[in-house]
Amino acid sequence: MDKDATLTLRGFEIYKGFLQSAEQTRMVSDLREVMKLAPPFSPQTSYGKPMSVRMTSAGRYGWYSDQTGYRYTRTHPSGPDWPAIPESVMQVWQTVSGVSRVPDCCLINFYGEGARMGMHQDKDEADFRWPVVSISLGDDGLFRIGNNERGGKTESIWLSSGDVVVMGGDARLTYHGVDRIRFGSSALLPKGGRVNLTLRVVD
DNA sequence: CAGTGTCT
DNA sequence: ACAT
């Protein structure tokens with residue numbers, strides 16, 4: 001694993017090719033075990049439209065959305081606690097986060113063909129001093145970075161399998177999103193698509 | 001407003 | 001990019 005960010009864009013530290021192929025394969029295998037215990041679902045937004053990504057979580061908390069709004073929950077919507085965050089994922093946080101505290105939540109987002117994520121802030125956590133760490137697996141995704149308020153100019157970068165992004169400091173509350181997926185661009189996932197993991201300290 | 005549609 |  002590398003230690004220095006490949007580049008920094010608007011305060012987002014981007015580690016290109018952070019995970020080797022074998023590490024990515026191992027992580028996907030670990031995530032399949034998580035999915036057996038916590039099947040992915042498509043959350044509803046408060047606006048009434050479902051998100052195009054499918055998601056699940058691991059850790060003490062999972063991120064959830066319905067007509068009531070966004071929140072962290074202690075359990076999967078079907079009832080059980082969220083599974084533990086895999087060690088392979090924890091190792092990435094330990095190496096790049098720069099903090100000794102362990103993350104509470106690993107949100108697992110699945111982007112199929114045509115899926116995207118609108119521009120948003122990560123602001124459902126209690127303390128924004130903790131960074132957010134993002135891991136990309138599978139197909140390339142066009143990641144867009146905006147500003148600390150809605151609107152204004154944005155910059156985009158393609159993230160590919162094995163890339164890691166750290167959002168901390170001034171970038172912690174920066175708007176960001178995913179505009180599109182190059183479906184089938186990676187062979188990591190047999191059925192194609194992109195998986196993004198986001199690690200957070202919730203409380 | 002973590003979505004979607006429309007226009008530049 | 002921006003209105004909603």
Side-chain angles (χ1 to χ4, degrees), chain A residues 9-12 14 31 34-35 38-78 82 85 89 93 103-128 130-159 163-168 170-183 193-203:
Chain A
L9 191 59
R10 297 194 178 196
F12 285 57
I14 302 169
L31 294 173
V34 169
M35 285 163 42
F41 53 93
S42 291
Q44 293 291 128
T45 62
S46 53
Y47 195 66
K49 305 275 185 170
M51 295 175 66
S52 55
V53 300
R54 292 202 308 147
M55 63 173 60
T56 188
S57 294
R60 207 156 63 83
Y61 288 99
W63 189 85
Y64 189 71
S65 174
D66 62 14
Q67 289 189 344
T68 316
Y70 313 133
R71 61 193 173 279
Y72 283 99
T73 65
R74 298 298 300 259
T75 57
H76 186 272
S78 68
W82 302 102
I85 301 174
V89 177
W93 172 276
D104 285 324
C105 172
C106 175
L107 176 60
I108 304 166
N109 282 324
F110 298 82
Y111 294 77
E113 191 161 24
R116 48 208 165 96
M117 178 76 72
M119 295 290 280
H120 67 280
Q121 291 173 301
D122 289 19
K123 58 178 183 184
D124 299 316
E125 303 76 31
D127 188 341
F128 302 136
W130 301 109
V132 173
V133 171
S134 158
I135 303 170
S136 295
L137 295 168
D139 290 341
D140 299 342
L142 185 57
F143 187 62
R144 181 144 64 115
I145 303 172
N147 305 283
N148 285 5
E149 313 245 327
R150 276 205 180 269
K153 291 181 180 175
T154 64
E155 292 181 88
S156 297
I157 183 171
W158 281 99
L159 295 179
D163 293 353
V164 171
V165 180
V166 180
M167 297 168 260
D170 292 341
R172 179 61 181 76
L173 289 171
T174 296
Y175 276 86
H176 57 279
V178 176
D179 282 344
R180 66 189 178 96
I181 301 299
R182 272 180 186 144
F183 192 77
R194 172 176 189 258
V195 173
N196 183 70
L197 310 178
T198 44
L199 295 164
R200 302 184 181 87
V201 174
V202 172
D203 65 1

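Computed from a predicted model, the values in this text were never measured in an experiment. Below, chains carry the letters A, B, ... as their sequence lines are ordered, and counting in each starts from 1.
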**Student:** Roughly how many Å apart are B/dT8 and B/dT4, using the P atom of each and rounding to a whole number?
**Tutor:**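 Comparing P positions in B/dT4 and B/dT8 gives a spacing of 23 Å.
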**Student:** If you look at every strand shown and take non-hydrogen atoms under 4.0 Å, does A/Pro50 touch a base, only sugar-phosphate, or nothing?
**Tutor:** sugar-phosphate
**Student:** Measure the distance from OH on A/Tyr175 to C1' on C/dC2 and round it to the nearest whole Å.
**Tutor:**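 Distance, rounded to whole Å: 13 Å.
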**Student:** Take the protein atom CZ of A/Arg116 and the nucleotide atom P of B/dG3, then report the distance between them rounded to whole Å.
**Tutor:** 8 Å
**Student:** Look at A/Asp203 together with A/Arg60 and state whether they make a salt bridge at an N to O cut-off of under 4.0 Å.
**Tutor:** yes
**Student:** Strictly distance-based, threshold 3.5 Å: is any side-chain N or O of A/Arg116 a donor or acceptor partner for the main-chain N or O of A/Ser52?
**Tutor:** no
**Student:** Which residues pass the side-chain hydrogen bond (donor to acceptor under 3.5 Å, both in side chains) test with A/Asp140, not counting sequence neighbours?
**Tutor:** A/Arg182
**Student:** How far does CH2 of A/Trp82 sit from CD1 of A/Ile108, to the nearest 0.5 angstrom?
**Tutor:**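 Answer for the CH2-CD1 pair, A/Trp82 versus A/Ile108, is 9.0 Å.
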**Student:** Contact class for A/Asn196 vs. all strands (heavy atom < 4.0 Å): base, sugar-phosphate, or nothing?
**Tutor:** nothing
**Student:** Considering residues, nucleotides and ligands other than A/Arg10, do more than 12 of their heavy atoms fall under 6.0 Å from its CZ?
**Tutor:**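 Yes, CZ of A/Arg10 has more than 12 neighbouring heavy atoms, counting only those of other groups under 6.0 Å.
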**Student:** Between atom NE2 in A/His120 and atom P in C/dT4, what is the gap in whole Å?
**Tutor:**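 Rounding to the nearest Å, NE2 of A/His120 and P of C/dT4 are 23 Å apart.
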**Student:** Residues two or more places apart in sequence or in another chain: which of them pass side-chain hydrogen bond (donor to acceptor under 3.5 Å, both in side chains) with A/Arg150?
**Tutor:**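 Partners of A/Arg150 under the side-chain hydrogen bond (donor to acceptor under 3.5 Å, both in side chains) test: none.
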**Student:** Tell me whether the rings of A/His76 and A/Phe41 are parallel (<30°), tilted (30 to 60°) or perpendicular (>60°).
**Tutor:**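 Aromatic pair A/His76/A/Phe41 classed perpendicular.
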**Student:** Starting from C1' on B/dC1, measure out to CD on A/Gln67 and report it in whole angstrom.
**Tutor:**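 The distance from CD of A/Gln67 to C1' of B/dC1 comes to 16 Å, rounded to the nearest Å.
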**Student:** Within residues 130-157 of chain A, which residues have any heavy atom lying less than 4.0 Å from an atom of DNA chain C?
**Tutor:**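 Going residue by residue through residues 130-157 of chain A, the ones with a heavy atom under 4.0 Å of DNA chain C turn out to be A/Gly152, A/Lys153, A/Thr154.
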**Student:** Check every strand shown and say whether A/Ser65 touches a base, only sugar-phosphate, or nothing at a heavy-atom separation below 4.0 Å.
**Tutor:**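 Nothing, no nucleic acid heavy atom in range.
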**Student:** Remember a base hit wins even if backbone is also touched, and classify A/Ser52 as base, sugar-phosphate or nothing at under 4.0 Å, heavy atoms.
**Tutor:**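 Nothing, no nucleic acid heavy atom in range.
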**Student:** Just to be sure I understand the rule, does A/Arg71 reach a base, reach only the sugar-phosphate, or reach nothing, if contact means heavy atoms closer than 4.0 Å?
**Tutor:**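 Nothing: the residue A/Arg71, judged by heavy atoms under 4.0 Å, touches no strand.
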**Student:** Under 4.0 Å between any heavy atoms, over every strand shown, what does A/Met119 touch: base, sugar-phosphate, or nothing? Just pick one.
**Tutor:** sugar-phosphate
